[in-house]
Number of protein chains: 2
Amino acid sequence: MNDDRISRSATLMQVAARAGVSTATVARVLKAKGYVSDEARARVEAAVKAIGYRPNAMARGLRQRRSFTIGHMLDAIIVNPFFVNVAHWAEEEALEHGYKTFLFNHNGDGARERIGIERFIERRVDAVLFTNAIATENVRLLAAAGIPALQLERSKTPAAPAIRVDNKVGALEAMRHLVELGHRRIAFVGGDPDLIGRGATAGPTVEEDRLEAYRSGLAAAGLSPDPALMRLGRYYSLEAGGTSSEGYRHAKSLLELEERPTAIFATCDILAAGALQAVYEAGLRVPDDISVIGFDDTIAANLTPQLTTVAQPMEDLGRIGFRAVLAAIETGEFPELPLLPSRLVLRRSTASTAR
Amino acid sequence: MNDDRISRSATLMQVAARAGVSTATVARVLKAKGYVSDEARARVEAAVKAIGYRPNAMARGLRQRRSFTIGHMLDAIIVNPFFVNVAHWAEEEALEHGYKTFLFNHNGDGARERIGIERFIERRVDAVLFTNAIATENVRLLAAAGIPALQLERSKTPAAPAIRVDNKVGALEAMRHLVELGHRRIAFVGGDPDLIGRGATAGPTVEEDRLEAYRSGLAAAGLSPDPALMRLGRYYSLEAGGTSSEGYRHAKSLLELEERPTAIFATCDILAAGALQAVYEAGLRVPDDISVIGFDDTIAANLTPQLTTVAQPMEDLGRIGFRAVLAAIETGEFPELPLLPSRLVLRRSTASTAR
DNA sequence: ATTCAATGTGTCATCGATGACATATGGTGT
DNA sequence: ACACCATATGTCATCGATGACACATTGAAT
């Protein structure tokens with residue numbers, strides 16, 4: 001009974017043949033635009049269903065010079081769920097607009113980022129999102145190819161606009177929270193110094209903001225930062241299999257101080273996770289003996305105790321980010337980019353010193 | 001000086017024009033096959049570099065009837081890092097072979113899975129990987145379109161072959177480990193009963209294997225399973241924002257027993273994370289008062305204490321999985337599919353009862 | 001009867017890369 | 001001298017969807 005059983009999916013021409021109309025009519029039915037008689041429409045729809053026709057996105061893309069695909073460049077995707085979350089929500093929004101995203105994980109490596117961008121260009125993505133750009137020269141390749149690019153949350157290069165998160169509001173809330181609980185010796189455990197702003201970037205970097213909020217949080221309480229309580233390094237070492245060893249190491253050294261801190265403010269949940277391990281190992285309890293606050297709200301709810309943390313608006317970043325590049329694709333320019341708020345999420349890792 | 005500044009990337013024809021040769025010669029240079037004089041080659045290469053030419057993957061795909069793309073269908077990507085890991089390694093292997101992967105997260109929803117598969121077909125993926133297939137009828141759509149499909153680790157449908165993991169070896173190791181440490185009252189906290197095998201699937205399901213290993217681990221020690229120590233439910237409830245509440249709830253009820261268990265074997269790190277929280281909250285310590293073992297080795301190293309767990313071969317799953325579908329694409333049939341081992345990873349959440 | 005707009009349908013060039021095929025030149029072997 | 005092969009390069013149909021354009025037909029308005 002059936003003859004049109006070629007291995008690949010059917011073509012529009014086959015649909016036309018089966019429905020006894022021209023390809024143009026089929027196209028009109030599928031696009032739901034132009035004049036088509038009810039009778040022709042019915043025949044085409046029947047043929048589509050019978051053959052199981054699915055339009056070929058490559059052919060359409062070639063003709064329309066639009067792939068309906070955007071690239072999303074990410075960092076450390078298997079270590080830090082932050083990136084997966086942002087990517088997930090961008091993808092979600094993309095799907096709702098008939099788009100699909102391509103992910104690429106450069107893992108912090110500029111050479112890999114370059115390869116990823118070349119792949120994106122070959123695939124003719126209509127735009128690119130960066131959730132961590134590395135090298136300005138790489139980002140410029142996109143501009144040269146006429147592909148809009150947008151940075152989400154972390155803006156490392158002036159070569160592309162960015163949707164930023166106001167890291168300060170949440171971090172200040174966190175500091176205020178600790179101070180209100182009576183903490184005076186608050187340690188800072190922070191990320192990659194590379195992120196602490198160097199070179200000509202568009203505004204302060206993520207870590208700069210968090211550090212500044214830490215300082216002004218202390219200042220507001222009439223305190224001055226104690227260098228002995230500050231640890232800057234990286235979020236995690238990839239070589240070590242992406243464990244939280246950095247936070248562990250830093251917290252351990254803090255706990256060995258003569259006068260140890262009563263609270264630790266870590267700028268990443270992964271760091272905080274390591275801090276929790278160090279505290280536990282020292283035979284102390286969180287939050288009874290020491291309070292810990294993280295950042296991002298990624299693995300926070302899975303930790304013991306559940307971690308109080310500064311949440312990032314990951315869904316908004318992804319969704320608004322996609323809509324922004326979509327606008328750029330369609331109108332040629334970006335809409336006004338919002339500054340998204342971060343906010344403190346209270347869980348069980350902070351408590352009053354007065355116990 | 002430059003004139004060829006069209007917004008989109010240049011075409012092969014433009015390269016040919018600039019190099020003063022035909023498109024065929026350019027193609028020969030790029031493919032590195034066929035005869036080309038050194039002089040022509042040099043001119044083409046110079047033109048490619050000058051214009052910044054990148055081949056158009058859509059045009060190539062259309063012509064070759066190959067997209068060099070594979071779809072990867074995933075579950076609960078933002079809740080369980082297991083999926084991200086497998087996807088990451090499949091992508092990594094794909095890149096090394098000139099392929100790219102498209103991810104789609106059905107989140108356990110068959111209707112979404114269907115949509116994802118339709119998107120895959122429209123994009124003309126050359127094959128599809130499932131790390132959690134939901135509905136057999138969806139998987140059949142691919143067969144009808146002539147697209148090879150392969151299940152990784154979880155095989156829920158006979159409609160596609162699978163690379164399976166021997167969940168038993170690792171789980172048995174885990175049980176032996178606990179028994180050797182003196183544990184006799186070992187609780188089982190397991191996943192979605194849906195995964196405990198029903199209907200005609202190809203062999204036992206993941207949870208069946210884990211449960212059976214639990215039982216035979218007990219039997220080997222001359223113990224019989226105590227129904228009061230078994231909790232079956234789901235890994236996590238998505239409604240609750242993907243927290244580990246299920247493991248927490250189960251462990252809490254176990255700790256409230258007259259005779260509480262001395263060890264908990266959870267079949268997912270996320271479940272184990274919840275168990276750790278319950279133990280902590282009860283004022284007990286892991287591993288001093290109670291031992292906990294997880295499964296997957298995803299967030300295990302970030303937990304407090306670092307979790308002893310049964311590791312899944314996520315890298316092998318991804319890499320070998322990709323290579324298998326690549327073979328299927330090229331030869332039309334799958335190679336022999338291995339049964340990959342799981343293995344116990346010792347960390348700090350298990351200890352002897354004799355303290 | 002004539003003009004015009006609305007309705008309905010078909011033809012075909014195009015997007016960019018590819019590879020089958022045709023063609024041309026020079027050198028080697030007999 | 002001729003046959004033959006290696007080398008070198010160009011022409012063009014093709015993949016499948018799209019949309020500009022042309023062509024019909026019908027009914028209403030003038």
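As a basis for the values below, the full set of heavy atoms in this structure was taken, side chains included, without hydrogen atoms, waters or symmetry mates. Residue numbering restarts at 1 for every chain, and letters A, B, ... go by the order of the sequence lines.
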Generate the contact string for nucleotides 4-12 of chain C. Rules: B means base contact, S means sugar-phosphate contact only, - means no protein heavy atom under 4.0 Å. --SBBBBBB
Do the side-chain N or O atoms of [X] get closer than 4.0 angstrom to the phosphate oxygens (OP1, OP2) of [N]?
| X | N | result |
| --- | --- | --- |
| A:Gln64 | C:dT14 | no |
| B:Arg65 | D:dG16 | yes |
| B:Gln14 | C:dG16 | no |

Whole angstrom is fine here: how far is it from [atom1] in [X] over to [atom2] in [N]?
| X | N | atom1 | atom2 | answer |
| --- | --- | --- | --- | --- |
| B:Arg66 | C:dG16 | CZ | P | 23 Å |
| A:Leu30 | D:dG19 | CG | P | 12 Å |
| A:Leu12 | C:dC15 | CG | P | 19 Å |
| A:Arg123 | C:dC15 | CZ | P | 22 Å |

Which parts of residues 53-62 of chain A get close to DNA chain C, meaning a heavy atom less than 4.0 angstrom away? A:Leu62
Going by side chain to side chain contact (heavy atoms under 4.5 Å, CB included), name the residues that satisfy it together with [X], two or more places apart in sequence or in a different chain.
| X | value |
| --- | --- |
| A:Asp316 | A:Pro313, A:Ile320, A:Leu340 |
| B:Arg54 | A:Glu118, A:Ile121, A:Glu122, A:Arg124, B:Ser9 |
| B:Ala57 | A:Arg123 |
| A:Ala17 | none |

Would B:Arg18 and B:Tyr53 count as having a side-chain donor-acceptor pair, cut-off 3.5 Å? no
Identified side chain to side chain contact (heavy atoms under 4.5 Å, CB included) counterpart of B:Ile70 within the set B:Ile147, B:Leu150, B:Leu326, B:Leu129: B:Leu129
A:Val26 and side chain to side chain contact (heavy atoms under 4.5 Å, CB included): which partner among A:Val36, A:Val21, A:Thr11? A:Val21
Walk me through whether A:His72 and A:Phe102 qualify under ring-ring contact (aromatic ring centres under 6.0 Å, His included). CA-CA 6 Å; A:His72 197 163; A:Phe102 262 133; over 10 Å; no
